[in-house]
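In this text, all values refer to a predicted model and were calculated from it rather than measured experimentally.
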Amino acid sequence: KVISGDNPRTVSEVAGQAGIERAASWIDAGTLSTDEDYDKAVEKYTVFGRVTPEQKRKLIRALQKKGHTVAMTGDGVNDAPAVKEADIGVSMGKNGTDVTREASGIVLLDDDFSTLVSAVEEGRIIYQNIRKFIRYLLSCNIGEVVTMFFGMLMGMPVVLLPIQILMVNLVTDGIPAIALSFDPPQDDVMKERPRGRGDSVFSGGLAATIIIRGVLLGLSVLAAFSAVLGITQSVEHARTAAFVTLVFTQLVHVFECKSEVRSLFTINILNNVKLILAALSSAAIVLSTVYIPALQPVFKTVSLGGGELLVVLTATLAVPLVSAIIMLVRHGK
């Protein structure tokens, strides 16, 4: 909406030239008096002319009362009260007055409204990456809890030793998680609907996704442990297989976290070099604890043979396949 102190016909003409829809829908603010007038006008009209500073505040309050999130732009002293009243005050950095800049939450240093688009996009990217970070860490930790808890419930030998759990957290919760926070945006980041003001960081089904993925991760580790234990009759081999499976499933999951609506098989997993290097480094560290003899006594591991590695690989790949099916059912992607 365009709110100005100028003649409403003039403002309407300028708004139309700027490409603002319904620019012909204008009103002289001098005709507004009661709160009911403001409530009706803010929904019906696009252009408001001959508006006083106090009327600007009333128009903003009327929009907020109807549940809208209001951003107000301005540069003059008379805009300062409205800029302060709005949910998001935006002032001009070059030509704006000091009073308006102090009252605003965002200052456009180049006085270009298109900069707001870049600001919104950057904000969405940051918010998305925060959700990716939370999703990855919580899913992995739930998977570890499921592994240990269900292992005890089923009467299995201790699935993972404390030193192995510590190593898992060091190689998966560290570098890969940090690299994920620098993930580039998805192509459709600006096509999504704005999130609600009251939405939590777990809204949009994120909490369910975290729990489901964590449970699948834990079950895959238990499956690898049971399979190798049955094949080798060796707790050390089964424990090592579970250790490697847990790390590998988490490293695969870090790439799944790049998108909340697409599966691992429909996203670009190569657009974050930092993440790829982090995952490869973590995998190399874990394999070194398994195949370097000097490290085996420290981490209580043993070398895995071809058959055991095949079990690990199967358990690792089974989880993203199941997750892809769930994603296809929920989002069709």
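- Looking at heavy atoms from C-beta onward, S104 lies out of side-chain contact with V90 at the 4.5 angstrom threshold.
- Of all heavy-atom pairs spanning A29 and V51, the tightest one is CB-CG2, 3.6 Å.
- No side-chain donor-acceptor contact under 3.5 Å links T10 and D6.
- Screening R131, R135, K258 for a salt bridge (Lys or Arg N to Asp or Glu O under 4.0 Å) involving D183 leaves a single residue, K258.
- Taking 4.5 Å as the limit, some side-chain heavy atom of P157 sits within range of a side-chain heavy atom of F225.
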* For the pair H253 and T172, evaluate side-chain contact (heavy atoms from CB on, under 4.5 Å) and give the outcome as yes or no after the intermediate values. => CA-CA 10 Å; H253 180 52; T172 60; over 6 Å; no
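- With a 6.0 Å radius and a threshold of 12 heavy atoms from other residues, nucleotides or ligands, F149 has its CZ atom at or below the threshold.
- A donor-acceptor pair is defined here as one N or O able to donate and one able to accept, closer than 3.5 Å; no such pair exists between the side chain of Y38 and the backbone of L63.
- Cluster membership for V322 and L246, using ILVMFWY side-chain heavy atoms within less than 4.5 angstrom, is not shared.
- Checked for salt-bridge contact, K94 and D110 miss the test: no charged N lies under 4.0 Å from a carboxylate O.
- A continuous path of hydrophobic side-chain contacts links M92 to I88 [ILVMFWY only; heavy atoms under 4.5 Å].
- Of the N and O atoms on the side chains of S91 and T100, not one donor lies less than 3.5 Å from an acceptor on the other residue.
- Remark: the backbone N or O of T52 is paired with a side-chain donor or acceptor of Q55 at under 3.5 angstrom.
- Between the K1 side chain and the Y45 main chain, a donor and an acceptor come within less than 3.5 Å of each other.
- Applying the 6.0 Å contact sphere to CD of E102 captures no more than 12 heavy atoms from other residues, nucleotides or ligands.
- Heavy-atom minimum distance, C140 versus L217: CA-CD1, 4.5 Å.
- No donor-acceptor distance shorter than 3.5 angstrom exists from the side chain of D199 to the backbone of R195, with no hydrogens or angles considered.
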* Please step through side-chain contact (heavy atoms from CB on, under 4.5 Å) for the pair V252 and T316, ending with a clear verdict. => CA-CA 8 Å; V252 170; T316 300; 3.8 Å; yes
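- Between T46 and W26, every side-chain heavy-atom pair lies at or beyond the 4.5 Å cut-off.
- Side-chain contact, T34 with D37: a donor N or O sits under 3.5 Å from an acceptor N or O.
- For the pair T245 and S220, the tightest heavy-atom approach, listed with the atom from each and the gap, is CG2-O, 4.1 Å.
- Contact of the P194 side chain with the R124 side chain is registered, since non-hydrogen atoms from C-beta on lie closer than 4.5 Å.
- A salt bridge links E256 with R213: the closest approach of a Lys/Arg side-chain nitrogen to an acidic carboxylate oxygen falls below 4.0 angstrom.
- Looking at heavy atoms from C-beta onward, L222 lies in side-chain contact with M154 at the 4.5 angstrom threshold.
- Between Y127 atom OH and E192 atom CD the span is 10.5 Å, to the nearest 0.5 Å.
- At least one donor-acceptor pair under 3.5 Å links the side chain of Q164 to the backbone N or O of F299.
- The heavy-atom pair separating A227 from V311 by the smallest distance is CB-CG1, 3.8 Å.
- When the shell of 6.0 Å around CZ of F182 is examined, it contains 12 or fewer heavy atoms from other residues, nucleotides or ligands.
- Atom-to-atom distance recorded for T147:OG1 and L219:CG is 8.0 Å, nearest 0.5 angstrom.
- Under a 3.5 Å cut-off, the side chain of R101 and the backbone N or O of V107 do not form any donor-acceptor pair.
- Both I163 and L304 are assigned to one and the same hydrophobic cluster, defined by single-linkage of ILVMFWY side chains at heavy-atom distances under 4.5 Å.
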* **Criterion side-chain contact (heavy atoms from CB on, under 4.5 Å) on K66 and R61, from CA distance to verdict** => CA-CA 9 Å; K66 292 180 177 293; R61 288 173 181 171; over 6 Å; no
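- Minimum heavy-atom separation, L161 to V158: CD2-CG1, 4.4 Å.
- Counting only distance, with no hydrogens or angles, the side chain of T289 and the backbone of V286 share a donor-acceptor pair below 3.5 Å.
- Judged by distance alone, with hydrogens and angles left aside, the side-chain atoms of T240 form a donor-acceptor pair with the main-chain N or O of V302 at under 3.5 Å.
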* Could you walk me through whether N95 and D111 pass side-chain hydrogen bond (donor to acceptor under 3.5 Å, both in side chains), step by step? => CA-CA 7 Å; N95 299 318; D111 286 12; 3.2 Å; yes
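- No side-chain donor from either of S282 and Q250 sits under 3.5 Å from a side-chain acceptor of the other.
- Inter-residue side-chain proximity for V273 and L277 is flagged as met; some heavy-atom pair is nearer than 4.5 Å.
- Between V117 and M190, the closest side-chain pair of non-hydrogen atoms falls below 4.5 Å.
- Looking at heavy atoms from C-beta onward, F255 lies out of side-chain contact with N272 at the 4.5 angstrom threshold.
- Atom-to-atom distance recorded for F113:CZ and L116:CG is 7.5 Å, nearest 0.5 angstrom.
- Here the shortest heavy-atom pairing between L275 and L180 reads CD1-N, 4.1 Å.
- No donor-acceptor distance shorter than 3.5 angstrom exists from the side chain of R50 to the backbone of G30, with no hydrogens or angles considered.
- A donor-acceptor contact closer than 3.5 angstrom is absent between the side chains of N129 and S181.
- Cluster annotation: L137 and V221 are assigned to distinct hydrophobic clusters (Ile/Leu/Val/Met/Phe/Trp/Tyr, side-chain heavy-atom contacts under 4.5 Å, transitive).
- Pairs passing the salt bridge (Lys or Arg N to Asp or Glu O under 4.0 Å) check and including a residue from residues 228-247, sequence neighbours excluded, do not occur.
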* To do: Go through the steps for S4 and V11 under the test side-chain contact (heavy atoms from CB on, under 4.5 Å), then give the verdict.
  => CA-CA 7 Å; S4 172; V11 179; 3.7 Å; yes
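- Of the possible donor and acceptor atoms, none in the side chain of D39 sits under 3.5 Å from a partner among the backbone N and O of A62.
- With respect to the salt-bridge test (charged N to carboxylate O, under 4.0 angstrom), the residues K56 and D79 qualify.
- Neither side chain, E260 nor Q128, offers a donor N or O lying under 3.5 Å from an acceptor on the other.
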